[in-house]
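Below you'll find the structure, written out as C-alpha cells, and then a few comments.
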Amino acid sequence: MAENEIRDVFVVGLRNAHAMENQALSIMKPQLKRIENYPEVAEKLDRHIRETDGQIVRLEEILDRLGEDKSTLKDMALSVAGSVAALGHAAAGDEILKNAFANFAFENYEAAAYKSLLAVAEAGGYGAATSGLQANLAEELAMAEWINGNLVALTTKFLSLRQLGETAKV
C-alpha cells in the first residue's frame with residue numbers, strides 16, 4: 001500500500017475514533033445522571049468520562065500534528081446514536097445491567113479500534129502518535145476489565161435491590 005493510502009486510512013481511523021469517543025460520552029453521561037444506588041459504578045463512570053475527555057484531546061493532538069481536523073459530521077452522528085442507545089436502556093427495569101453489558105461491549109470495541117490504529121501508525125511510520133494511542137488503549141482496557149471484574153457483584157446487588165423494590169435511581 002502506498003504511503004498516502006496508509007495516511008488516508010490513519011486519518012479516517014483517527015476521525016472515527018474521535019467520533020467514537022464522543023459517542024461514548026453521550027452514552028456515559030446520561031447513565032451517570034441516573035445512578036444513585038450504585039455509587040461504585042457512578043464513581044467509575046465519572047472517572048472514565050474524564051479519561052474520555054483526555055482521549056479526545058489526544059486524538060485531536062494527533063490530528064493537528066497531521067494537519068487534519070476531526071469530522072464534525074461523524075462526531076454529531078455518533079453522539080446522537082449514543083444518546084438514543086442510552087435512552088433505550090433508561091426505560092428498562094434492569095437498566096443498570098443493560099448499561100453494564102453495553103458498556104463492556106463498547107469498551108472492547110474501543111480497545112479494538114485503538115489496537116488497529118496502532119497497527120496503522122506502525123505501518124505508516126507515525127511513531128509520534130503511538131504514545132497517545134497506547135494511553136487511550138490502556139484506559140479502555142482498564143475500564144473493560146473493571147466492568148468484567150465487577151459484573152457478578154453488580155448483578156447480585158441489582159437482585160438484592162430489586163427484592164427491596166429499588167431501581168438504578170430511587
Side-chain angles (χ1 to χ4, degrees), residues 13-65 68-118 129-158 161 166-170:
L14 290 167
R15 288 176 176 155
N16 289 343
H18 190 275
M20 172 185 72
E21 294 303 350
N22 279 292
Q23 181 180 15
L25 289 175
S26 70
I27 292 169
M28 291 185 293
K29 286 180 177 181
Q31 289 178 18
L32 183 59
K33 289 178 184 175
R34 296 185 49 76
I35 295 175
E36 289 183 6
N37 286 328
Y38 302 88
E40 65 285 1
V41 176
E43 179 183 320
K44 189 64 176 176
L45 273 176
D46 184 55
R47 189 174 330 135
H48 196 56
I49 287 168
R50 289 191 309 271
E51 287 174 344
T52 301
D53 287 333
Q55 292 167 6
I56 289 170
V57 169
R58 287 185 204 116
L59 290 166
E60 289 172 353
E61 289 171 351
I62 295 167
L63 284 164
D64 285 347
R65 284 195 301 267
E68 298 287 344
D69 289 323
K70 63 186 187 238
S71 172
T72 303
L73 182 60
K74 284 181 185 182
D75 286 355
M76 286 177 27
L78 289 183
S79 289
V80 168
S83 295
V84 170
L87 182 62
H89 291 173
D94 60 349
E95 173 187 5
I96 192 73
L97 296 180
K98 283 185 171 49
N99 286 342
F101 305 157
N103 291 348
F104 182 69
F106 201 79
E107 295 302 326
N108 280 288
Y109 173 82
E110 290 173 301
Y114 285 118
K115 286 180 183 182
S116 179
L117 277 169
L118 282 161
T130 303
S131 64
L133 295 173
Q134 286 175 334
N136 287 9
L137 173 60
E139 290 169 354
E140 301 304 356
L141 289 172
M143 184 63 172
E145 183 56 34
W146 185 88
I147 296 167
N148 187 47
N150 286 278
L151 194 54
V152 171
L154 179 67
T155 303
T156 302
K157 184 173 184 176
F158 167 78
L161 289 171
E166 302 280 345
T167 62
K169 180 175 182 164
V170 172

Would you call [X] and [Y] a side-chain contact if the rule is heavy atoms closer than 4.5 Å?
| X | Y | value |
| --- | --- | --- |
| Val41 | Asn99 | no |
| Leu14 | Glu68 | no |
| Trp146 | Glu107 | no |

If you compare all heavy atoms of [X] against all heavy atoms of [Y], which two are closest, and at what distance to 0.1 Å?
| X | Y | answer |
| --- | --- | --- |
| Phe158 | Tyr38 | CA-OH, 3.2 Å |
| Ala24 | Glu110 | CB-OE2, 3.5 Å |
| Ile147 | Ala100 | CG2-O, 3.7 Å |
| Leu32 | Ala42 | CD1-O, 3.3 Å |

(request) Start with the C-alpha gap between Lys70 and Asn22, add the side-chain angles, then the distance that decides, and say whether side chain to side chain contact (heavy atoms under 4.5 Å, CB included) holds. (result) CA-CA 11 Å; Lys70 63 186 187 238; Asn22 279 292; 5.8 Å; no

[X] side chain to [Y] backbone, donor-acceptor under 3.5 Å:
| X | Y | value |
| --- | --- | --- |
| Arg15 | Asp69 | yes |
| Thr156 | Val152 | yes |
| Asn148 | Ala144 | no |
| Lys29 | Ile49 | no |

(message) Between the side chains of Arg47 and Glu43, is the shortest nitrogen-to-carboxylate-oxygen separation below 4.0 Å, so that they form an ion pair?
(response) yes

(message) Is there a side chain to side chain contact (heavy atoms under 4.5 Å, CB included) between Phe104 and Asn150? Walk through the geometry before answering.
(response) CA-CA 11 Å; Phe104 182 69; Asn150 286 278; over 6 Å; no

(message) Just by distance, no angles: are the side chains of Glu140 and Gln55 close enough, under 3.5 Å, to form a donor-acceptor pair?
(response)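 Side chains of Glu140 and Gln55: pair found under 3.5 Å.
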
(message) Could you tell me if Glu21 and Asn136 have a donor-acceptor pair between their side chains, going purely by distance under 3.5 Å?
(response)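 The answer is no; no qualifying pair exists.
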
(message) side chain to side chain contact (heavy atoms under 4.5 Å, CB included), that's the test. Do Leu45 and Asn103 meet it? Break it down for me.
(response) CA-CA 10 Å; Leu45 273 176; Asn103 291 348; 4.1 Å; yes

(request) Verify side chain to side chain contact (heavy atoms under 4.5 Å, CB included) between Leu141 and Tyr114, making sure each step is shown before the conclusion. (result) CA-CA 10 Å; Leu141 289 172; Tyr114 285 118; over 6 Å; no

(request) In sequence, state the C-alpha distance, the side-chain angles, and the governing distance for Glu139 and His48, and then conclude on side-chain hydrogen bond (donor to acceptor under 3.5 Å, both in side chains). (result) CA-CA 8 Å; Glu139 290 169 354; His48 196 56; 6.0 Å; no

